[in-house]
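Read through the structure below, which is laid out as structure tokens, and then see the notes.
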Amino acid sequence: MAPIPGSGLAKGLAVTLRTMTRKTVTEQYPDVQPDLPPRTRGVIGLFEENCTVCMLCARECPDWCIYIDSHKETIPAATPGGRERSRNVLDRFAIDFSLCMYCGICIEVCPFDALFWSPEFEYAETDIRDLTHERDKLREWMWTVPAPPALDPGAEEPKELATARKAAEKLAAQQQAEAAETAGAIKTAEAVETGGTPRPGAARTAPPASGTEPHADEQSRAAEGPTRPMGDSQQQTDQPRPGQEGRA
């Protein structure tokens, strides 16, 4: 069906008439901060721990506004007879935002998620040289990066979170084991100091069972009586007591 001549003009005039009747609203910036969308491209933040100095972001940048310096360090072998390894250590990571055109290519090509978009945009300077942000400044922008959107229901947990959680659980279990071992050692030392721990080979006296505790008089007589030799216990038990010979 062919469009009616002048329908586009009529739609445009209708929009104009609707907006003419509405009240104009002015945002009082900077007193009132604007409500930015979550994917706003404000400034780039650097998560230095994830950077492996692969130089991929600097090579892919169309404006050549990323400057990276690094050096190599030798890591000793983890096992005897193993081979030493070398790794790159980041010395400088800077972005010249006076040249950056905010294309986001560096963030997309980073294979280790070291660069992120931050919605912060208030970093104007009076000197153009101050627009070159070094890695310390880029690290500060990292704390303004919004949290990623929630995963879809039933989606797998990211490998980074799973690895970090397992490492934290392992560390917590190790700390609990060390704390329990330290507490046991302290209790053992206190028991030895107070004489509570018997010497090796010493006989342990079992506590009397409930209901079989001897009478107080018998306890007192046992305390007052002489101590019998261990070898004569059976003979003294078989002999009658004085005054009991004539009793039936």
Side-chain angles (χ1 to χ4, degrees), residues 12 15-16 19 22 24-76 84-152 155-165 167-168:
V15 173
T16 303
T19 55
R22 296 178 183 175
T24 303
V25 178
T26 302
E27 295 184 356
Q28 302 299 325
Y29 177 82
D31 297 332
V32 178
Q33 293 294 324
D35 187 11
L36 301 175
R39 299 182 64 182
T40 298
R41 298 185 177 187
V43 70
I44 299 174
L46 170 67
F47 192 57
E48 186 175 339
E49 285 75 6
N50 287 357
C51 182
T52 60
V53 201
C54 65
M55 306 294 291
L56 190 59
C57 56
R59 290 198 300 265
E60 296 295 333
C61 178
D63 292 334
W64 293 87
C65 63
I66 300 178
Y67 311 107
I68 301 176
D69 293 331
S70 65
H71 69 278
K72 289 185 177 293
E73 286 187 356
T74 302
I75 303 176
E84 295 182 348
R85 300 177 59 187
S86 63
R87 67 184 182 95
N88 293 325
V89 179
L90 183 65
D91 293 330
R92 185 195 182 197
F93 195 108
I95 299 179
D96 188 357
F97 287 101
S98 64
L99 298 177
C100 179
M101 64 178 184
Y102 304 92
C103 62
I105 294 178
C106 57
I107 298 176
E108 297 296 332
V109 300
C110 180
F112 300 103
D113 292 335
L115 298 175
F116 297 86
W117 278 119
S118 169
E120 296 293 329
F121 60 92
E122 298 176 325
Y123 53 93
E125 301 289 348
T126 57
D127 191 347
I128 193 173
R129 291 172 294 183
D130 295 334
L131 287 175
T132 301
H133 294 182
E134 299 293 335
R135 66 176 184 175
D136 295 337
K137 185 66 174 178
L138 297 176
R139 180 59 180 265
E140 294 179 3
W141 292 124
M142 189 64 205
W143 309 124
T144 62
V145 175
L151 298 175
D152 295 335
E156 295 183 358
E157 184 180 19
K159 296 181 180 179
E160 294 82 3
L161 295 180
T163 304
R165 188 185 69 256

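Note that these values count all heavy atoms, side chains included, but never hydrogens, waters or copies made by symmetry.
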Could you work out, with side chain to side chain donor-acceptor pair (under 3.5 Å) as the rule, every residue matching [X], not counting sequence neighbours?
| X | answer |
| --- | --- |
| K72 | N88 |
| R85 | none |
| Q33 | none |
| S70 | none |

Pairs under 3.5 angstrom only: tabulate donor-acceptor contacts from the side chains of residues 38-48 to other protein residues two or more places apart or in another chain.
| residue | atom | partner | partner atom | Å |
| --- | --- | --- | --- | --- |
| T40 | OG1 | P37 | O | 2.7 |
| R41 | NH1 | Y102 | O | 3.1 |
| R41 | NH1 | C103 | O | 2.9 |
| E48 | OE2 | R135 | NH1 | 3.0 |

Only pairs under 3.5 Å count here: list side-chain donor-acceptor contacts from residues 105-118, not counting sequence neighbours, and write none if there are none.
| residue | atom | partner | partner atom | Å |
| --- | --- | --- | --- | --- |
| S118 | OG | E120 | N | 3.3 |
| S118 | OG | T144 | OG1 | 2.5 |

My understanding is that only residues two or more places apart in sequence, or in another chain, count here; which of them pass salt bridge (Lys or Arg N to Asp or Glu O under 4.0 Å) with [X]?
| X | result |
| --- | --- |
| E156 | none |
| D35 | none |
| E140 | K137 |
| R22 | none |

Spacing of I95 atom CD1 and I68 atom CD1 [to the nearest 0.5 Å]: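 Rounded to the nearest 0.5 Å, the CD1-CD1 separation comes to 8.5 Å.
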Gap between atom CG of D69 and atom CE of M55 - 0.5 Å precision: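 Reported to 0.5 Å precision, the distance equals 7.5 Å.
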Identify the heavy atoms of D127 and R129 that sit nearest to each other, and give their distance.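 In this case the closest contact between D127 and R129 is OD2-NH2, 2.9 Å.
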Looking at residues at least two apart in the chain, or sitting in another chain, which of them share a ring-ring contact (aromatic ring centres under 6.0 Å, His included) with Y123?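 F97, H133, W141.
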Check residues 56-64 and write down every donor-acceptor pair under 3.5 Å in which the side-chain atom is one partner and the other belongs to a residue at least two apart or another chain.
| residue | atom | partner | partner atom | Å |
| --- | --- | --- | --- | --- |
| R59 | NH1 | C54 | O | 3.3 |
| D63 | OD2 | M101 | N | 3.3 |

Counting neighbours of CD on E122 that are heavy atoms of other residues, nucleotides or ligands and sit closer than 6.0 Å, is the number greater than 12?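 For E122, atom CD is crowded (more than 12 foreign heavy atoms under 6.0 Å).
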